[in-house]
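I have placed the structure first, in the form of structure tokens, so that the comments after it can refer back to it.
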There are 2 protein chains.
Amino acid sequence: MPISLVRETDVDVLVIGAGPAGLMCANALAKAGVNVRIIDQRPSKVAAGQADGIQPRTIEVFQSYGLAERLLREGNQMHVASFYNPGGHGIQLTDRVPDVTAPTARYPFEVTLHQGAIESIFLDSMKSMGLEVSRPIVPTQLELDHAQMADPNAYVARVVLRHLDPPEGGPSTEVVRAKFVVGTDGAHSWVRKHLNIAMEGSQTDHIWGVVDMVPKTNFPDIRSKCAVHSENGSCMIIPREADKVRLYIQLDSGGCEAVDAVSGRIDKKRMGPHQLLEVARKSFYPYVFETPDEFDWWTIYIIGQRVASRFSVGERVFIAGDACHTHSPKAGQGMNASMNDSHNLVWKLVYVLRGWAGLSLLKTYELERRKYAQDLINFDVDFAALFSGKPRTQVNQNGVSHADFLRAFQTFGGFTSGIGIHYAESAIVHYANQPCAAHVVVGQRMPPQVLVCVADFRPAELQDLLPSDARFKLLVFTGAAKALDTVGAAVGDLTVRFGRAVDVISILPYRQRDFTFMALPLPLRSHWSKVLCDEKDMRGRQGGSAYAAFGIDPQAGAIICVRPDGYVGMVAPLEEVDSIAAYFATFMDSE
Amino acid sequence: MPISLVRETDVDVLVIGAGPAGLMCANALAKAGVNVRIIDQRPSKVAAGQADGIQPRTIEVFQSYGLAERLLREGNQMHVASFYNPGGHGIQLTDRVPDVTAPTARYPFEVTLHQGAIESIFLDSMKSMGLEVSRPIVPTQLELDHAQMADPNAYVARVVLRHLDPPEGGPSTEVVRAKFVVGTDGAHSWVRKHLNIAMEGSQTDHIWGVVDMVPKTNFPDIRSKCAVHSENGSCMIIPREADKVRLYIQLDSGGCEAVDAVSGRIDKKRMGPHQLLEVARKSFYPYVFETPDEFDWWTIYIIGQRVASRFSVGERVFIAGDACHTHSPKAGQGMNASMNDSHNLVWKLVYVLRGWAGLSLLKTYELERRKYAQDLINFDVDFAALFSGKPRTQVNQNGVSHADFLRAFQTFGGFTSGIGIHYAESAIVHYANQPCAAHVVVGQRMPPQVLVCVADFRPAELQDLLPSDARFKLLVFTGAAKALDTVGAAVGDLTVRFGRAVDVISILPYRQRDFTFMALPLPLRSHWSKVLCDEKDMRGRQGGSAYAAFGIDPQAGAIICVRPDGYVGMVAPLEEVDSIAAYFATFMDSE
């Protein structure tokens, strides 16, 4: 028998596909110290176009990984949404509203930045940790050792990789054995197809063109997110970085030149950006768009609205991002849903790989994210229909009115901002005790609030105390009337049992002049910077609203347990501090 | 005659000394595209200790160079100042006040970060522009070609450099010919001595020890800036990054072991950090400081309060930073004054090198910065005496009371924050017309205000529209009642005459629903992002106070001309827009 010359390596996690979902996944795993490999079939990252809208919640997630600074520095911000409808000699301004209506959004705007720049943020972060994308590489085989699926430490997946551009004389094939595989390889996912996971849902008959350019126009709202409903079709403006805008242009499904009459598929050879701009001009009349010096990027697509039937095989291979859900881009969801799939999955993988939790924890990934993907499709069906619909006019009383559209825009505000995502009850989401922190919704992300550090009076954003570091955060709202020795002792026991997984932050209802953080029981002050109070800062500019905003009685206090991904796992009255140990025990082993 | 083997190179500016003043200088010159060389005698940057306090105004200056993000990420923040005085069985808390009292400070706190980390911020920024410090190198000769001093393009300075650690076989000497030389080589400046510039002022008899460490203490205010006056001496706490604190410890000038009785100089061999901590312990009683695991850095010094008799020779060689002023560190001035010397000088050098202004512009450097250095010494004499004085007690009624000290602390707040720096009238500071923008002080830095961009409704901090890019910013507060055609035409003329040196920003008093930025005369809208209005943002969180805060009539409007370093050069009513051309003509040539 000949000796195999194929290189074989072992990794904890193999990530297949280096788009936003894959990069979020690999970066977060590397940050947690996991041995991860990430491959991609493209020879380099995306250069222009593609997805580009980052929602308020996704900005918060970036911030939790220390990546928001650069996103905000490089990206364009959308603060306003404008609406144009038939009127005058063509269209006219109907309304302007805040683009983000979710009241608790820390960043009350969307960021637009082309996908390549977003990928670069992850690539640079990964590089600083010694991780790079192996490319161009495609997987050709994926086998699972079904006998060992229950052993989290077994390298159950054997993946054969083909190098598309191997170094001269180098091998073109290698084998990677992985404990877990994550398929983030896009809408045409090889991983999904290989696992025979079906996509459920349908293709719509909405056809849209997209053009990116630096516009030359007299349209006044060219720098706002703008929905234009005209009697000659619908358009949407998404302003972008570097003076560019993206136009989404509705194409007539019946008469669209780009659709092949036989196959029903888009044929991009039949139509180009000049024709797309020509269609847009009719919607924007009487405003004028001159032909730009160049088109930065363009495409044409039919909206598909589908969700994968399952997101995992045996909790050992997962799919995430476009591999498991596709929808229209106009609600600005795609890249956000994709990256947040990975954000949801990573800490669970980390806990299993560290031996802190069993494989069953990973079931909550599909539970939480598939439900969300379905909600997203349902929203998208409604929204896309409204958007593609004819406007209501004197003549067409069945058309979509501005009031209909605005209502949809604002009703779904919490959803489209990502702020309102609400995970169902599960091993890691316990709905009990909700009243003790009435305005903090268990299963939703922990909202922001400015607090003040007791030791140095520095104002601190609570969300900045909740980094994505794979630890649960126990927020002990101490209240004013409580003897804290019992709470301290119970928290002390907890940190002995689940120590490395739990970080403790204490929040006092107010400051007393002679109170020092050193007076708290030791388990409630792991570091001087983690004892805060609900007061205004020295300049009276911010802070002092946390107990009220969270619905916590300043006398009674409460405990909020925030998951490693920033979502509230449970709340408890201080008297029931033991219920936190019970919560952890449902999915974690004691040390 | 033998052929010279000594390498000779030409540069526009040679910077001698790569401490904070030199690095600020070289980085800013490189940013402006100037051919600059910077040398230093040390083989590497500072590793620990040294200066470390960054004031509110200096943070604003960092921001103007795009360097504040990292400073804020890495540094510690001081928001509060605490005062302890004799009482109880030793000392007790007397008062806590905001550390920064200047009401317009954009950053209402000081940042502490060790000098090496601050140097790294500049070094990395320079590296991204291809500039590195040549080291270890010392200058050994500096000759000026007096015949050519009036020609700004002449390489009038010939500097011989000696490489202290030349590559094997490489030359140990080279010659640099420079149009301008900046000596930022510290308190013992070779450049200053070589130019025979005298230091004026005196050494005090205040002796202080400094210890940096991670403290082990039960002192409650260990994370606040803290002035401790005890009957056993004075101490100051400066909390720092990475849980460290710096203790400034007053040493008795008569009995200080570290002073050599014969020379009167400090001999650091006679005393170490353990003895310094022992002295501090007496002041802090009854609070306890355990001996730390290690001392990060320590020193002992006698406060010298001196200013150089001049800051320049013929406007061709300059000294900046510690090379021209030394003072006590307790008011946290040293590094700030040094970096701001360079910040003041650089744009003037740039204008002369570009041929936009004559050499006489450079006279304003000494005019503005020497006056400031003298004010600083006067302040420092008073403050250091108060600080070193015995506290007032029952027994010692002549001592310094807390009220005295607090008054000094707060009176000098504008000064110590750097916010109140006020440059005198000169070619580049015209005091006329002050009433048309009554609350913007001509000669002081332009204060921050949040505005809202007309085109995209994004809130924008005015100071972020004033980057250190070597351009004057013309802030056109359009008012409501004005025909803007005349103003537009005059500004248009101005940008033709001084175009590359002038950036125009228009600020409307409020937003009108149907107003578009495209309606402004073209010279008043150089870019869509530079037309703003004085309104609250979409969420009603900030903005809408600029006209009132600046004392500008919302009907009448006004023009504010901000210098490239962020200081207000002049203001004018809209009717007198021509006075701006007259202002520029006092120091600039038309194109």
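Please read these numbers as outputs of a predicted model, since none were measured by experiment. All heavy atoms count here, side chains included; hydrogens, waters and symmetry mates do not. So that the names make sense, note that chain A is the first sequence line, chain B the second, and so on, each numbered from 1.
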Heaviest contributor of heavy-atom pairs below 4.5 Å to chain A, chosen from Ser82(B), Cys453(B), Pro239(B), Pro98(B), is Pro98(B)
Under 4.5 Å from any heavy atom of chain B - which part of Val97(A): backbone
Residue part contacting chain A, namely of Phe457(B), when any heavy atom lies under 4.5 Å: both
For Arg223(A) versus Asp456(B), what's the shortest heavy-atom pair and its separation? O-CB, 3.1 Å
Restricting to non-hydrogen atoms, name the atom on Val80(A) and the atom on Met538(B) that form the minimum distance, rounded to 0.1 Å. CG2-CE, 3.6 Å
Does atom OH (Tyr285(A)) have a neighbourhood of more than 12 heavy atoms from anything else shown, all under 6.0 Å? no
Contacting region of Asp514(A) [heavy-atom separation from chain B under 4.5 Å]: side chain
Are any of the side-chain heavy atoms of Met78(B) and Arg458(A) separated by less than 4.5 Å? no
Within the side chain of Arg539(A), is there an N or O that forms a donor-acceptor pair under 3.5 Å with the backbone of Pro103(B)? yes
Asp95(B) versus chain A, the contacting section by heavy-atom distance below 4.5 Å: backbone
Correct closest heavy-atom pair for Pro108(A) and Arg541(B) would be CG-NH1, 3.7 Å
Rounded to the nearest 0.5 Å, what separates atom CG in Asn218(B) from atom OG1 in Thr516(A)? 9.0 Å
What part of Arg73(B) gets closer than 4.5 Å to chain A, counting heavy atoms only: side chain, backbone, both or neither? side chain
Shortest non-hydrogen contact from Met518(B) toward Phe219(A): CE-O, 3.4 Å
Does any non-hydrogen side-chain atom of Trp528(B) lie less than 4.5 Å from one of Asp243(A)? yes
